[in-house]
Amino acid sequence: MQPYRSPHEREARLDTLARAAGADTAVIGESVDGAPIRAARIANAGAPKVLCCANIHGPEYVGAEVALGLLERLAAPEGEIAKLRERAEIWIVPCVNPDGYRRTWDREGKGTLAALRTNARGVDLNRNFPLPGGALRRSAPGAGSQRHGDATYCGPAPLSEPETRAIAELAATQRFHASANLHSFMGTLIPARVTDRDAYSTYRDLCRAFVSAQSHTRYHRVASRVFDVFTGEQEDHLHHALACWSICVETFPVAASLRQHLRAPSLFWRFNPRDPARWIENDVPGLVRYFLTALDLRAPPLPAPA
Ligand SMILES: [Zn+2]
């Protein structure tokens, strides 16, 4: 699993970087198996707040590394990173799913997607958020399954899991202006699903801002006003329930993953680059420019109460 970190090393790294960046750390919740879910916060009284979350899916370690890479750069801010520090309060949650991370570590990254991606109760946490506006769950590829044992099992009810409740409560109390959720692998940017023209084109601009700062590989935006469906994802909940600009970032493009291994020796090496530094370097500037661009916008409008 080198050069990736054990669960303990990941938390130790969070502490080291938080100290260096002048951030405080907070436990925002606990996993099913009792592991703390921790955030670093660089306080900035009165400033709008931004949130970077990662690793809601167990094997997606590179996401946690990109989140930690953002914190590392915030410790020695220059250029746009310094601007972001000036203009926003920054929250970073490198690992939303510590049980999935630990399971992936203990099994050395071997296993099925369903076995490694979910929390300790087999729930895909990124299908466990409430569907906006009481939308009904529709069947579509990846839309979330109601069957325990499936890789996208959505759980018995929205926010049935302590990990999603921790994020939903944090977001409800802090009222973030913008957020990014880091995943792997695909090499794509997926904004919250919106159908109104203005928000849709704003997300196009936000994604353009993101890729304009990427140093070697630009990601494609995946969005449709028509064909997308609500699936209980974090972005959709944050945008529609909490008026927060929100995108999913899938680090590490398919082509790069296939170049690395045509047949990966384990699921882990399909999802994670052997050289995470190259992708941290590519994606952190994108995140920073995305946040800065979002800070120039008004919050997305909340739907009128029914
Ligand atoms: Zn994911």
Side-chain angles (χ1 to χ4, degrees), residues 4 7 10 31 37 51-70 92-105 107 109 111-129 140-145 150-155 161 163-164 166-168 179-193 207 210 219-223 228-239 246-254 256-257 260 264 266-273 276 279-280 282-283 286-287:
Y4 291 92
R10 184 197 68 225
S31 70
I37 300 168
L51 171 67
C52 177
C53 288
N55 227 167
I56 197 169
H57 291 139
E60 301 173 8
Y61 278 37
V62 67
E65 290 301 318
V66 172
L68 292 168
L70 172 63
I92 298 175
V93 183
C95 186
V96 175
N97 181 4
D99 295 347
Y101 190 106
R102 171 166 293 285
R103 196 178 325 119
T104 301
W105 183 261
R107 297 183 187 179
T112 61
L113 193 58
L116 299 184
R117 168 182 167 102
T118 52
N119 77 346
R121 290 199 285 243
V123 176
D124 178 347
L125 297 173
N126 207 31
R127 299 292 181 275
N128 188 242
F129 287 90
S145 159
D150 285 354
T152 61
Y153 173 53
C154 63
E161 305 308 301
E163 296 90 349
T164 47
I167 294 297
S179 76
N181 306 312
L182 309 181
H183 293 248
S184 70
F185 69 103
M186 282 308 265
T188 52
L189 301 177
I190 309 172
R193 183 203 176 212
C207 292
F210 188 109
Y219 296 164
H220 299 287
R221 178 177 60 109
V222 177
D228 200 3
V229 295
F230 289 127
T231 64
E233 286 165 84
Q234 188 175 344
E235 296 72 63
D236 293 336
H237 179 63
L238 263 62
H239 179 103
S246 198
I247 63 168
C248 156
V249 179
E250 296 265 4
T251 287
F252 193 38
V254 178
S257 178
Q260 174 170 285
S266 63
L267 184 92
F268 186 83
W269 291 116
R270 174 57 67 218
F271 278 77
N272 296 286
W279 298 96
I280 295 168
N282 189 58
D283 293 0
L287 281 170

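Remember, it's 1-based here, ligands and their atoms both numbered in the order they're listed. Values reported hereafter were calculated over all heavy atoms of this structure, with side chains retained and with hydrogens, waters and symmetry mates removed. Sequential numbering from 1 along the given sequence is applied to the chain's residues.
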Donor-acceptor contact present, side-chain N55 to main-chain P98, <3.5 Å: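 No.
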
Restricting to N/O/S atoms, is C248 within less than 2.8 Å of the Zn ion (ligand 1) or not?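 Short answer: no, not a single N, O or S atom is under the cut-off.
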
Looking at the Zn ion (ligand 1), is one of the N, O or S atoms of E60 less than 2.8 Å from it?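 Yes, E60 qualifies, because one of its backbone or side-chain N, O or S atoms lies under 2.8 Å.
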
Single hit among N128, N119, V123 for side-chain contact (heavy atoms from CB on, under 4.5 Å) with Y153: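 Going through N128, N119, V123 one by one, the side-chain contact (heavy atoms from CB on, under 4.5 Å) with Y153 is satisfied by V123 alone.
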
How wide is the angle at the Zn ion (ligand 1) between ND1 of H57 and ND1 of H183, to the nearest 10°?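 Vertex the Zn ion (ligand 1), arms to ND1 of H57 and ND1 of H183: 100°.
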
According to the interplanar angle, ranging from 0 to 90°, do the rings of W105 and Y61 count as parallel (below 30°), tilted (30 to 60°) or perpendicular (above 60°)?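 If you compare the ring of W105 with that of Y61, the planes turn out parallel.
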
Distance only, no hydrogens: is a donor on one side chain within 3.5 Å (strictly under) of an acceptor on the other, for S179 and S246?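 Checked: S179/S246 side chains pair up, N/O donor to acceptor below 3.5 Å.
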
